[in-house]
Amino acid sequence: MFEIFKSEFKRYRLWAGIATVVLLGLYGFIARLKPFLDPDPGQTAMMYLSLISAGAIFGFIQMILHRRANHWTYLIHRPLSPARIYLGIALAGAAVISMVILVPWFCMVGGLDAFTSTVVDARHYTWGFFLLFCVLTSYLVGSLAALNPSKGSVLLAIILLWLMDTQPENDFLQYFPMIVAIAGLVVLNIISFKPDLSTYVRKPWAIAMMVAPMSLALMYGSAMGTTVYYHMPKFIMGTHPDNNPIDGTMSYLWSLEAPEQLAYALEGSNHPRKESYTKQAELADFDYIDAREWVFPRRGQLYTMDLSYALMPAGTGSVWQFSHDEMLLIGYGQIDGKPAGALGQNGFIEKLEDATDADRFTDVPILAGEKFLMTRGTIYQLDFVDRHMDIKHQLPEGEEYIRKPEVKENFVAVVTTKRTLMFDPRVLTEDYGPAEPDYSVNHPTDVSGFSFIDTYRLVDGYLLMYRSNHMRGFDQPGTQVIHAKMGGETELVHARAYDIHRHPSFIRHHFEAISPVIIGVHSTFFSATRPDEQPQMTVTNFMEGKYPANVYRVAIILMVICPIVVFFLSRRHSLGRAQTTTWVILCAVLSLPALAAFVLMNPWRLDKPLT
């Protein structure tokens, strides 16, 4: 096996060396244009897309070259088991990928750490391993697509969605799923690496391992079908709800101007000032507040998930970056790179070495503007010239901010888990010392029940219109208009329910109808790895019957029909009892996507017996 490893590595070492140098040069070029460790979403997306695609292509080409008739015969008939032959080849491929990914990254990050004042934490080094695991996953998917005759092997790339689109609360949840995915793909590659590459997977446990991620990809692919049989025909006929808003639906709001939206939300209200509010809205200053909950940063998280990079206070010539290792804001000269001290939760510190445990933040703060620092419960105002820090606003215990303050023309909005706070902009930006909100409005529902708050400035306060597709509960759109009066009093003006939906239930809840188990597991996983985000579907909602009846009917019909269909297909393919039973169970649990996976994992044309 070691000889195979050496031979395979030598085959690609030149190309690996060239790729390493090119990637290191690209990193250097980026560093000349902007801070290299700035979590730029565009830069990160391009890096992921390029390297992961290259890994998949490399894995596919590597195995395709071995599959050539004479080469395959020579390779597979060595005095080694197929598993050890594959491991020798795969380990060489992994070594090549590790060289290309880790060497440039460690050179770049190590250079910044050693020769510049840029804050470099352990998490910046470990991100190289995160990227390596992602590329290894794509490499194994590419090699599996070359080795396995299944036409859907490439769909296992959906695993990368589960690995990359997460912001877990700890490193275990960050890396353990990646290790499990890589181990599973290695096993699938080993059982696919066999003398006769035209034979399909027949081991029941291997079938289940391939079907689970493949079904997830097919479920997403099924959403494209709605374009064919619903959206496109309606657009062609000119009857699509997007172009023809339906009166009585929540989406009808979007087709109206701001004053008309308020009038629409107040329809059916018996409030004595309804007409007055409607007329005032025609002349009122309109704005909106984004109330979608953020995933706040955690200590040691991937640097690409950071919400901010650095503070560069005007007139100071300094840069301040937050260090996860030190849990302090560290300053240095923008030009000369000389240390400028540190900043902790108790204020400025002349030298980093003088910091005590009491100075270190307990949560990772968010940098806001040029002079604000924000944790989950406190907003600090900073003065870098006179070197002092004040608590601008602090929430009571049990209440947290859900996102940064939003600066508007007439107010600064801060949304918490319990209230909407509106401050005078001058109090926050110009004055020092604690700030009290001019208006404090308790949320009419849980913060997960609304996404935006429309505001109308009146002569005696503000009208706030909370709106969401789940305002009154799951799948129950609604709006609530609240009058926040001067002096602090608030009044609920009107709550409206929208019982008519823009799209039919099968379109709105397509995933739940196609496969409730898959979307349930998917939502559960993401609610665990992105704790501040609400899952698309919960077992509770489904079991309590909160979905429309048609969704349950379609789901049950598919979960009954699919096992029957796959049973007869298995008989037609002459599968054994164990394989047939496996497919019937998978289709009963995973429904239509598992049936589609059967079609992809078995030959489309059956050989006719010779006569």
Side-chain angles (χ1 to χ4, degrees), residues 119 287 289-291 294 296-297 299 306-324 326-334 339-352 354-441 488:
V119 172
D287 222 316
I289 303 169
D290 191 342
W294 274 1
F296 267 70
R299 185 176 184 179
D306 289 354
L307 298 174
S308 48
Y309 176 65
L311 282 176
M312 290 181 283
T316 64
S318 60
V319 178
W320 293 79
Q321 290 181 265
F322 188 78
S323 168
H324 284 229
E326 299 289 348
M327 292 302 286
L328 297 168
L329 209 63
I330 298 176
Y332 57 88
Q334 190 172 0
L343 176 65
Q345 61 182 359
N346 294 323
F348 284 86
I349 307 165
E350 288 300 321
K351 295 181 180 180
L352 177 61
D354 297 335
T356 65
D357 290 340
D359 292 317
R360 305 181 194 281
F361 287 96
T362 54
D363 291 323
V364 178
I366 298 173
L367 311 179
E370 289 189 351
K371 56 182 181 179
F372 289 102
L373 204 64
M374 180 181 183
T375 63
R376 290 178 182 269
T378 307
I379 298 176
Y380 300 93
Q381 187 171 8
L382 311 174
D383 185 342
F384 288 95
V385 176
D386 295 331
R387 294 246 170 173
H388 66 81
M389 180 175 72
D390 299 315
I391 294 179
K392 197 66 180 177
H393 186 258
Q394 193 166 32
L395 293 174
E397 188 175 352
E399 186 176 5
E400 296 180 350
Y401 304 111
I402 67 168
R403 59 187 300 117
K404 282 183 181 179
E406 292 188 59
V407 180
K408 305 296 183 178
E409 182 179 356
N410 299 307
F411 61 88
V412 175
V414 180
V415 183
T416 76
T417 51
K418 296 181 179 180
R419 297 176 292 164
T420 301
L421 308 176
M422 301 172 69
F423 296 84
D424 185 328
R426 293 169 296 180
V427 173
L428 277 186
T429 58
E430 298 176 7
D431 296 341
Y432 284 90
E436 294 297 327
D438 292 339
Y439 302 92
S440 175
V441 183

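FYI, the numbering just counts along the sequence from 1.
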**Prompt:** If we only count heavy atoms from C-beta on, is the Asn346 to Thr356 side-chain gap below 4.5 Å?
**Reply:** no

**His324 versus Arg299, closest heavy-atom pair with distance** = O-NE, 3.1 Å

**Message:** For a quick test of reading the model, state the closest non-hydrogen atom pair linking Ile349 to Gly344 and the distance between them.
**Reply:** CD1-N, 4.4 Å

**Asked** Would you say Phe348 and Phe384 make side-chain contact, with heavy atoms under 4.5 Å?
**Response** yes

**Message:** Contact between Phe411 and Asp438 at the side-chain level, heavy atoms closer than 4.5 Å - yes or no?
**Reply:** no

**Prompt:** Does the side chain of Gln321 reach to within under 4.5 Å of the side chain of Ile330, using non-hydrogen atoms?
**Reply:** no

**Request:** Using the six-membered ring wherever Trp is involved, compare the ring planes of His393 and Phe423 and label them parallel, tilted or perpendicular (cut-offs 30° and 60°).
**Result:** perpendicular

**Request:** Would you sort out whether Tyr401 and Ile379 count as a side chain to side chain contact (heavy atoms under 4.5 Å, CB included), showing the intermediate values?
**Result:** CA-CA 9 Å; Tyr401 304 111; Ile379 298 176; 3.6 Å; yes

**Fill in**
Rounding to 0.5 Å, atoms NZ (Lys371) and CE (Met389) come to a distance of 15.5 Å

**Message:** Which residue in the set Leu307, Val414, Asp290 passes side-chain contact (heavy atoms from CB on, under 4.5 Å) when paired with Arg403?
**Reply:** Asp290

**Asked** Sub-3.5 Å donor-acceptor pair from the side chain of Asp424 to the main-chain atoms of Arg426, do we have one?
**Response** yes

**Message:** Measuring only between side-chain heavy atoms, which start at C-beta, is Lys418 closer than 4.5 Å to Leu395?
**Reply:** no

**Asked** Any sub-3.5 Å donor-acceptor pair from Ser308's side-chain atoms to Ile366's backbone N or O?
**Response** no

**Message:** Before you tell me yes or no, could you show the steps for Leu343 and Leu311 under side chain to side chain contact (heavy atoms under 4.5 Å, CB included), namely the whole-Å CA-CA distance, both residues' side-chain angles and the distance that decides it to 0.1 Å?
**Reply:** CA-CA 12 Å; Leu343 176 65; Leu311 282 176; over 6 Å; no

**Asked** Above 12 or not: heavy atoms from other molecules or residues under 6.0 Å from CD of Glu350?
**Response** no

**Prompt:** If we only count heavy atoms from C-beta on, is the Ser440 to Leu421 side-chain gap below 4.5 Å?
**Reply:** yes

**Asked** Do the side chains of Asn410 and Asp287 get nearer than 4.5 Å, heavy atoms only?
**Response** no

**Asked** Minimum heavy-atom separation for Val319 to Met312, with atom names?
**Response** CG2-CG, 3.8 Å

**Fill in**
In short, Thr416 meets Ile402 closest at the heavy-atom pair C-CG2, 3.9 Å

**Request:** Give the minimum heavy-atom separation between Arg360 and Ala355, together with the two atoms involved.
**Result:** NH2-O, 3.8 Å

**Message:** Do Gln345 and Tyr380 pair up side chain to side chain, a donor and an acceptor below 3.5 Å, judged on atom types alone?
**Reply:** no

**Item:** Side-chain heavy atoms of Trp294 within contact of Lys404, under 4.5 Å
**Value:** yes

**Prompt:** Taking all non-hydrogen atoms of both residues, which atom of Pro365 and which atom of Leu373 are closest, and how far apart?
**Reply:** CB-CG, 3.8 Å

**Item:** Gap separating the CE atom of Met374 from the NZ atom of Lys392, nearest 0.5 angstrom
**Value:** 14.5 Å

**Message:** I'd like to know whether Met327 forms a side chain to side chain contact (heavy atoms under 4.5 Å, CB included) with Phe322, so could you lay out the CA-CA distance, the side-chain angles of the two residues, the decisive distance to 0.1 Å, and finally the verdict.
**Reply:** CA-CA 7 Å; Met327 292 302 286; Phe322 188 78; 4.0 Å; yes

